[in-house]
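Step one of this worksheet: look at the structure below.
All residue numbers refer to positions in the sequence shown, counting from 1. As the structure is a computational prediction, the values presented were derived from the model and not from experiment.
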Amino acid sequence: MLLISHDLPMVARYTDRVVVMQHGAVVEAGPTAQLLAAPQQDYTRKLLEAIPRRHATRPLEDEAPVVAVRNLVFDYPGKRKLFVKPAPKRVLHGIDLEIRPREVVAVVGGSGSGKTTLGRAIAGLLQPTSGDIQFKGQPTTPGAAGWKDFRLNCQMVFQDPYSSLNPRMTIGRLVGEGLRLVPGMSNDDKRARTAKMLLEVGLAGNYAERYAHELSGGQRQRVAIARALIRHPSFVIADEPVSALDVTVRAQVLELFAELQDRYGFSCLFISHDLGVVEQVADRVIVMQAGKIIEQGTRDAVFDQPQHAYTRKLLSAIPALTPTDSGGVQLKWRFESPSLLME
């Protein structure tokens, strides 16, 4: 079998030999464990250095939450049948969570656990069946006192930037669109802020005049981030923002996201199934299974001392790559080996 992937932990786990390519040419090849442990080429070392790694814990103040979710329930309508009332499918079961100022809260879980539905419900893209979502202590239901403030201060970065960007609009118009409702801001000021935002995400020059199809995947994700941050929001929801990117581009986007989060101080709900990325970016981790929160805590507590069997299974299923003295990495399992998990 020929496995083509940018997921290096999976490559380390499941392959016998590995071939490293750059610009259409093979730069290095050999037995997987040997090549990863002692890479000979600079490009291979660059790929391995881009693997997400845990950083030191950030000090955060214990302040009142920016976003508070209480007993959130969401049902998808069932499939219609002739003369039969459809039974709704419950995908969120009484979710409670809080996100404090400047905090990055990661939501992890398997496919179908309700991660994306939770993010879309908080963002207002889905109408919850019941429950309460508060922004800075104010309800966010349509017509409530805090509704408009929340809508202007909650932005979302989608998993697929190409699908979320209007192909008929230039990059400058796409990013600047969020400034339409800013009172007292002239067109010149809007263009200046748009140019500044594009510069901050590394898209200076003539990128404002290009279209989404003219950009690479990493560049489009930078546009999506710029579009979300142009208003300097208080709260950002990032739904799998780097899942489709290769190793080096993913590292660049994650570094950019961290820099902007530190600069503007927004809170973030980071939805991902990539535990390596979560380990790098998150302050706190929430684990979901079948629409319920089964465990939550600080990143170090959840990753190092998981309390729930499902959390332990998730962490054990993902191999980790630890640095070697030769400038490479070696495969290491966090807890049990895969064979023990199957018993």
Side-chain angles (χ1 to χ4, degrees), residues 6-7 22-23 46-47 49-53 55 102 104 106 116 119 123 125 153-180 182 189-274 276-278 280-282:
H6 60 249
D7 190 332
Q22 182 187 26
H23 303 314
K46 182 180 179 182
L47 288 178
E49 289 170 359
I51 296 173
R53 289 181 172 85
H55 298 306
R102 307 183 70 89
V104 178
T116 294
L125 301 179
N153 278 281
C154 174
Q155 299 295 325
M156 192 160 184
V157 180
F158 294 93
Q159 178 177 358
D160 182 4
Y162 191 65
S163 297
S164 64
L165 301 177
N166 189 332
R168 297 178 180 272
M169 297 174 66
T170 63
I171 300 305
R173 288 182 59 202
L174 283 169
V175 174
E177 189 180 23
L179 301 176
R180 289 184 305 167
V182 177
D189 291 338
K190 292 178 181 178
R191 283 191 289 268
R193 183 183 285 193
T194 299
K196 181 175 182 292
M197 194 73 246
L198 288 174
L199 177 64
E200 289 182 334
V201 298
L203 297 177
N206 66 343
Y207 281 97
E209 304 305 319
R210 298 188 187 183
Y211 292 86
H213 71 272
E214 298 178 288
L215 306 184
S216 67
Q219 290 171 335
R220 285 196 289 264
Q221 197 59 278
R222 289 169 183 265
V223 172
I225 293 173
R227 181 176 165 85
L229 300 185
I230 187 69
R231 284 188 58 89
H232 302 166
S234 303
F235 178 55
V236 174
I237 300 172
D239 185 7
E240 300 279 11
V242 295
S243 62
L245 305 179
D246 66 50
V247 179
T248 53
V249 175
R250 178 182 63 185
Q252 294 169 6
V253 171
L254 288 176
E255 182 179 356
L256 168 67
F257 194 84
E259 290 176 358
L260 294 175
Q261 201 264 343
D262 185 62
R263 183 179 307 163
Y264 292 112
F266 56 84
S267 304
C268 179
L269 184 71
F270 195 95
I271 302 169
S272 179
H273 64 262
D274 191 328
V277 170
V278 168
Q280 175 174 317
V281 305

Open item on the list: Checking the side chain of Gln261 only, and the main-chain atoms of Phe266 only, is there a donor and an acceptor separated by less than 3.5 Å?
Closed with: yes
Open item on the list: Tell me the closest heavy-atom pair linking Ser164 and Phe158, and the distance in Å.
Closed with: CB-CD1, 3.8 Å
Task: Residue pair Val104 / Phe270, side-chain heavy-atom distance below 4.5 Å - done: yes
Open item on the list: A side-chain contact here means heavy atoms from C-beta on lying under 4.5 Å apart; do Leu198 and Ile171 qualify?
Closed with: yes
- [ ] Search all heavy atoms of Cys268 against all heavy atoms of Ala238 and return the closest pair with its distance.
- [x] SG-CB, 4.3 Å
- [ ] I would like to know whether Asp160 and Arg220 meet salt bridge (charged side-chain N to carboxylate O under 4.0 Å, His left out); could you show each step before the answer?
- [x] CA-CA 9 Å; Asp160 182 4; Arg220 285 196 289 264; 6.0 Å; no
Task: Note, Asn166 side chain near Leu174 side chain (heavy atom, < 4.5 Å) - done: yes
Open item on the list: Once rounded to the nearest 0.5 Å, what's the spacing between atom OH of Tyr207 and atom CD of Glu214?
Closed with: 10.5 Å
Task: Worked check of side-chain contact (heavy atoms from CB on, under 4.5 Å) between Met156 and Val236 - done: CA-CA 6 Å; Met156 192 160 184; Val236 174; over 6 Å; no
- [ ] Under the salt bridge (charged side-chain N to carboxylate O under 4.0 Å, His left out) rule, collect the residues that match up with Glu240, sequence neighbours excluded.
- [x] none
Task: Approximate separation, where rounding is to 0.5 Å, of Asp7 CG and Arg250 CZ - done: 7.0 Å
Open item on the list: Applying side-chain hydrogen bond (donor to acceptor under 3.5 Å, both in side chains) as the test, list every pair that has at least one member in residues 168-177; sequence neighbours left out.
Closed with: Glu177-Arg227
Task: Shortest non-hydrogen contact between Val253 and Gly218, atoms and distance - done: CG2-O, 4.4 Å
Task: Check: Gln221 and Val157 side chains under 4.5 Å, non-hydrogen atoms - done: yes
- [ ] May I have the step-by-step check of side-chain contact (heavy atoms from CB on, under 4.5 Å) for Leu165 and Val223, ending in yes or no?
- [x] CA-CA 9 Å; Leu165 301 177; Val223 172; 4.0 Å; yes
Task: Side-chain touch Arg193/Ile230, heavy atoms, less than 4.5 angstrom - done: yes
Open item on the list: What's the separation between atom CG in Leu215 and atom CG in Leu203, rounded to the nearest 0.5 Å?
Closed with: 7.0 Å
- [ ] Report yes if some heavy atom in the side chain of Gln219 is under 4.5 Å from a heavy atom in the side chain of Val249; otherwise report no.
- [x] no
Task: Ile225 side, atom CD1; Arg222 side, atom CZ - distance, nearest 0.5 Å - done: 7.5 Å
TODO: Could you pull out the closest heavy-atom pair between Thr194 and Gly176, with the gap in Å?
DONE: OG1-CA, 3.4 Å
Task: Considering all heavy atoms, the nearest Pro52-Gln280 contact - done: CA-OE1, 3.1 Å
Open item on the list: Minimum heavy-atom separation for Ile271 and Gly119, please, with both atom names.
Closed with: CD1-CA, 3.8 Å
Task: Distance (rounded to the nearest 0.5 Å) between Glu200 CD and Met197 CE - done: 4.5 Å
- [ ] Could you tell me whether the side chain of Val277 reaches within less than 4.5 Å of the side chain of Val242, counting heavy atoms only?
- [x] yes
Task: Close side-chain approach of Phe235 to Asn153, heavy-atom, < 4.5 Å - done: no
Task: Distance in Å, Leu260 CG paired with Leu229 CG, rounded so as to fall on 0.5 Å steps - done: 5.5 Å
Open item on the list: I'd like to check the ring pair (Phe, Tyr, Trp, His ring centres under 6.0 Å) partners of Tyr264; sequence neighbours left out, ordered by chain and number.
Closed with: His232
Task: Arg102/Asp262 salt bridge by N-O under 4.0 Å criterion - done: yes
